[in-house]
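Scroll down for the structure; my scribbles are underneath it.
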Amino acid sequence: MNQMTATIGRWQGAGLMATTLLGTGVFILPQMTIEVAGSGSLLAWLLLTVAIIPVALVFGLLASRFPHAAGPAYFIEKAFGATAGRTIGLIFLLVIPIGAPAAILMTFQFLEALISISGLGQLVAELLIVAVLLLLNIKGIQVSAKLQFALTLLIVSVVAILFGASGLNVDQLETFAHSSHPQFSGVMLAMGIGFWSFLGIEAMTHLASDFRQPDKDLLPAMMMGTVLVGVIYLACTFLLLMVPTEGDGLAMISAFDDLLSNTFLGGYGAYIIGVLGIASGLATVNVYAASAARLLWSFSKEGILPRYFDKLNPHGVPFRALFAILGAMAVVIIVTFYSTQELEDLIAWSNGVFVIIYLLAMLSAAKLLSKRYLPLVIAGCLFCVGLGIALGSNMIYAIVLVLVVAPFMWWQKAHLTRKYLLNNSQG
């Protein structure tokens with residue numbers, strides 16, 4: 001087999017998109033934004049959701065018109081040439097083995113709410129998670145898609161139940177509105193924190209070939225997932241503002257127990273929020289592992305990376321590439337454990353890489369899409385530039401990575417071209 005099997009439908013795709021974006025932050029980020037912006041966190045989430053829509057639209061349009069396992073790297077290559085596209089693809093591959101293990105470590109904040117694991121036991125648990133991700137993907141992304149769609153419904157249901165239990169009324173809303181005086185700096189800082197909840201839009205484009213009808217289903221799936229995630233974050237933030245909690249733990253667990261104390265669910269907040277948080281965090285890592293494996297497979301087929309990774313199993317899964325990506329994650333987890341290096345410190349640098357990927361994808365859309373989409377492209381570009389400025393010195397890592405990888409990709413392209421011409425002349 002050398003072709004992937006298309007198995008994902010619109011609703012499964014929406015579930016994949018939603019759980020990818022909800023990720024490790026679904027029950028954590030609202031609390032963090034409130035800590036820095038207070039009531040301004042609501043405005044931050046609203047602005048962020050509106051600002052990300054043009055970016056999601058552009059990615060969806062590109063992926064539905066040019067479905068390819070290489071995702072943004074393919075769009076950028078079509079617009080700006082092989083060197084640019086391959087550079088973007090390679091820096092994406094280099095970031096995933098670092099960012100994904102960090103997400104696994106962050107997910108363990110929810111596990112700590114259920115059981116106490118430390119030392120070697122935590123390392124074993126983290127490696128078991130990597131093994132579970134391998135089992136989930138070995139038969140194709142459709143297995144994960146069905147599970148993650150169900151997970152999305154569960155998260156939406158829990159948030160809806162909490163909203164209903166809060167008994168919000170007009171008087172509460174008016175009191176809250178009059179007491180709210182958000183500061184601009186706090187709102188901007190909250191947006192910077194909240195942006196990471198929307199990382200994952202680009203990962204979905206790598207899965208375009210897994211959709212049965214990418215031209216019809218991919219864009220709606222991405223938009224439904226993006227808007228749903230924005231609504232969920234707004235709802236969670238609003239709940240935490242209306243139901244203040246005390247203590248250093250996860251505020252959503254305290255809010256759950258407080259709001260549902262008189263029901264049969266009272267006291268089970270740690271279990272329900274914990275399990276959903278763990279599952280959602282792993283869903284994010286799962287999609288990134290699947291998308292990175294498809295990019296590695298695509299580069300292997302094109303001869304950019306070793307041909308060893310261009311094999312598919314009977315289910316159309318690039319199992320060698322998947323094993324390599326998950327193996328790299330496992331190695332990073334082990335090194336992190338024994339070196340006591342905090343991967344969270346590297347996340348800010350890694351995020352700079354995604355800003356560059358997003359920006360170049362937006363610019364490629366200006367060349368590949370109809371001019372009627374130009375306002376969307378411009379809005380997406382402004383969003384990316386603004387994020388780059390906000391990241392400041394953390395962009396240095398991404399810039400250095402590009403400066404190192406780009407010359408190598410240029411040399412490889414020239415080398416392969418010379419080799420091709422030499423073989424033809426000898427033939």
Side-chain angles (χ1 to χ4, degrees), residues 15 18-19 21-46 48-49 106-116 148-182 186 190 193-194 197 227-284:
T19 48
L21 300 186
L22 290 172
T24 56
V26 57
F27 298 126
I28 296 177
L29 286 176
Q31 179 179 349
M32 294 175 64
T33 56
I34 289 173
E35 289 172 358
V36 300
S39 60
S41 56
L42 271 180
L43 179 60
W45 283 110
L46 180 61
L48 190 60
T49 301
M106 292 167 64
T107 301
F108 269 74
Q109 293 184 52
F110 293 103
L111 188 62
E112 289 173 3
L114 301 175
I115 55 176
S116 178
Q148 291 182 216
F149 178 65
L151 176 60
T152 302
L153 293 179
L154 282 173
I155 292 173
V156 171
S157 299
V158 167
V159 174
I161 290 171
L162 291 177
F163 227 86
S166 65
L168 299 179
N169 55 50
V170 176
D171 292 335
Q172 285 178 302
L173 293 175
E174 289 180 353
T175 302
F176 177 75
H178 288 305
S179 63
S180 300
H181 300 287
I193 294 172
S197 65
V227 173
L228 179 60
V229 165
V231 171
I232 290 175
Y233 273 108
L234 273 167
C236 289
T237 304
F238 195 78
L239 278 170
L240 294 183
L241 286 169
M242 299 302 295
V243 188
T245 56
E246 297 180 358
D248 298 327
L250 292 175
M252 281 300 296
I253 292 178
S254 299
F256 185 99
D257 289 335
D258 182 56
L259 290 170
L260 302 179
S261 59
N262 295 324
T263 71
F264 71 96
L265 293 175
Y268 289 95
Y271 299 99
I272 294 175
I273 299 297
V275 169
L276 289 178
I278 292 169
S280 187
L282 297 185
T284 295

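No hydrogens, no waters, no symmetry mates; every other heavy atom, side chains included, goes into these values. Note that the coordinates shown come from a computational prediction; the quantities given were computed from them, not determined experimentally.
- Here the closest heavy-atom approach between residue Leu259 and residue Leu239 is recorded as CD1-CD2, 4.1 Å.
- How far CG of Asp258 is from CD1 of Ile253: 13.5 Å, rounded to the nearest 0.5 Å.
- The shortest non-hydrogen separation linking Ala235 to Val159 is CB-CG1, 3.6 Å.
- Rounding to the nearest 0.5 Å gives a distance of 10.5 Å between OG of Ser254 and CD1 of Ile273.
- Smallest separation of non-hydrogen atoms from Leu241 and Ser41: CD1-OG, 4.0 Å.
- Contact record, Val229 with Ala18: CG2-O, 3.4 Å, taken as the closest heavy-atom pair.
- Counting only heavy atoms from C-beta outward, the side chains of Met252 and Pro30 never approach each other to under 4.5 Å.
- Rounded to the nearest 0.5 Å, atoms CH2 (Trp45) and CD1 (Ile34) are 10.0 Å apart.
- Inter-residue side-chain proximity for Ile232 and Leu228 is flagged as met; some heavy-atom pair is nearer than 4.5 Å.
- With rounding to the nearest 0.5 Å, the separation of OG in Ser157 from CD1 in Ile272 is 11.5 Å.
- With contacts defined as side-chain heavy-atom distances shorter than 4.5 Å, the pair Val156/Val231 does not qualify.
- Within the 4.5 Å cutoff, no side-chain heavy atoms of Val227 are placed close to those of Thr49.
- Looking at heavy atoms from C-beta onward, Leu162 lies in side-chain contact with Leu260 at the 4.5 angstrom threshold.
- Atom-to-atom distance recorded for Thr33:OG1 and Leu240:CG is 8.0 Å, nearest 0.5 angstrom.
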